[in-house]
Amino acid sequence: MGSLPPSLDLPSPPLGKPPHLQLLSETILLNLFKSQQNHLNYFFQNLDFSQALSFTQTLLNSRGTIFFSGVGKSGFVASKISQTLVSLDIRSSFLCPLDALHGDIGALSSADVLVLFSKSGSTEELLRLLPCARAKGVYLISVTSVSNNALANACDMNVHLPLERELCPFDLAPVTSTAIQMLFGDTVAIALMGARSLTKEQYAANHPAGRIGKSLIFKVKDVMKKKDELPICKEGDLIMEQLVELSSKGCGCLLVIDDEYHLLGTFTDGDLRRTLIKASGEAIFKLRVGDMCNREPRTIGPDAMAVEAMQKMESPPSPVQFLPVIDHQNVLIGIITLHGLVSAGL
């Protein structure tokens with residue numbers, strides 16, 4: 001292969017490090033983590049838990065929507081906490097201060113709570129929002145880290161988040177302050193979750209695309225194969241005449257039924273291999289499915305949870321790759337496979 005034309009020559013990767021960069025050592029990084037740990041310990045040791053309790057109780061008693069607002073990094077934290085509450089089945093929303101002054105404040109009502117996150121309590125956008133929100137009758141709560149600030153003085157309630165200093169060497173970049181904001185907000189969210197007695201099923205209903213949600217929502221009937229997808233045969237059918245049915249449906253088995261669709265047994269790929277080993281000569285062409293099928297297969301009902309089906313497949317004495325689905329009269333209505341469960345995200 002020839003060399004690239006001059007216009008396509010690729011630059012060589014830089015060697016070494018630029019002169020303005022210092023070598024990052026394990027000790028330096030470890031000391032930073034230890035410092036951040038100390039700053040967080042300062043927060044935990046100095047937090048006024050009576051304020052935290054009043055704040056949590058106010059959110060719990062809210063009959064409207066709990067709005068969160070903030071600017072910059074504090075805004076990101078406020079938005080995240082609001083999303084956490086929504087996932088816990090609590091009415092919540094993020095209110096952008098700028099958008100609020102251009103129409104979005106119309107979402108507020110006198111039944112709502114507005115929580116304002118600000119490290120300094122002097123954020124101009126939030127201070128401009130306050131009188132407009134108060135005119136809507138909203139209950140106002142500030143969450144700040146600087147004592148005796150303008151935002152706290154103008155709100156109905158203030159929660160002080162003790163901040164020793166930012167991890168930043170200049171004590172400027174908001175890294176420790178946002179960490180304690182997130183810790184505080186998420187811990188309160190879990191407290192609300194417990195106080196509202198949120199069940200695992202309710203939590204899962206808000207996370208239908210996740211594995212937890214699927215395991216608590218999906219039933220066997222939601223993920224099973226049925227009707228024309230079923231690899232069915234009769235017990236009197238010759239094994240050699242059912243090889244296409246055995247392989248074409250992708251289940252690794254035949255479901256043996258009678259004329260009323262009652263399940264009589266199953267015949268698997270493994271049963272076929274054992275048949276080929278035992279039978280000799282022309283005898284194999286005379287064997288019928290009923291001669292070699294399993295008359296006592298594991299089965300499951302359509303209303304069982306899909307995760308229960310997976311557990312049943314994996315249970316002793318040996319795992320299986322499928323379960324016939326039958327109703328209370330032993331009538332075959334479907335089949336659920338391990339591959340199908342995995343494909344469904346379980």
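What's counted below: heavy atoms across the whole structure, side chains too, no hydrogens, waters or symmetry copies. Please read these numbers as outputs of a predicted model, since none were measured by experiment.
Salt-bridge annotation for R288 and D291: absent, with no side-chain N of the basic residue lying under 4.0 Å from a carboxylate O of the acidic one. Using a 4.0 Å cut-off between charged side-chain N and carboxylate O, D112 and K136 make no salt bridge. Ion pairing between D89 and R196 fails under the 4.0 Å rule for side-chain N and carboxylate O.
Put simply, the side chain of S82 never gets that close to the backbone of A78: no donor and acceptor are under 3.5 Å apart. Here the side chain of S74 pairs no donor or acceptor atom with the backbone of G70 at under 3.5 angstrom. Under a 3.5 Å cut-off, the side chain of N46 and the backbone N or O of P162 do not form any donor-acceptor pair. For E166 (side chain) and V175 (main-chain N/O), a donor-acceptor pair under 3.5 Å exists by modelled atom type. Distance alone, capped at 3.5 Å, places no donor-acceptor pair between the K34 side chain and the L29 backbone. A donor-acceptor pair is defined here as one N or O able to donate and one able to accept, closer than 3.5 Å; no such pair exists between the side chain of K234 and the backbone of G290.
Side-chain contact check for I257 versus L264: every heavy-atom pair is 4.5 Å or farther apart. At a threshold of 4.5 Å between non-hydrogen side-chain atoms, the residues T268 and N294 do not count as touching. Under the 4.5 Å side-chain criterion, counting only non-hydrogen atoms from C-beta, I277 is not in contact with T275. Using a 4.5 Å heavy-atom threshold, the side chains of L332 and H262 count as separate. Taking the side chain as every heavy atom from C-beta outward, L116 and V143 never approach each other to under 4.5 Å. T178 has its side chain out of reach of F76: every pair of non-hydrogen atoms, C-beta onward, lies at least 4.5 Å apart. Considering only heavy atoms from C-beta on, V146 stays 4.5 Å or farther from L163 through its side chain. Contact annotation: the side chain of I232 never approaches that of L254 to less than 4.5 Å [non-hydrogen atoms, C-beta and beyond].
Criterion: ILVMFWY side-chain heavy atoms under 4.5 Å apart, direct or through other members. Under it, L323 and I335 are not part of a common hydrophobic cluster. Under the 4.5 Å side-chain heavy-atom criterion for grouping Ile, Leu, Val, Met, Phe, Trp and Tyr, I180 is not connected to L151 through any hydrophobic cluster.
Sorted by first and then second residue, the side chain to side chain donor-acceptor pair (under 3.5 Å) pairs with a member in residues 303-312 read K221-D303; sequence neighbours excluded.
Under the rule for a ring-ring contact (aromatic ring centres under 6.0 Å, His included), F43 has no partner lying at least two apart in sequence or in another chain.
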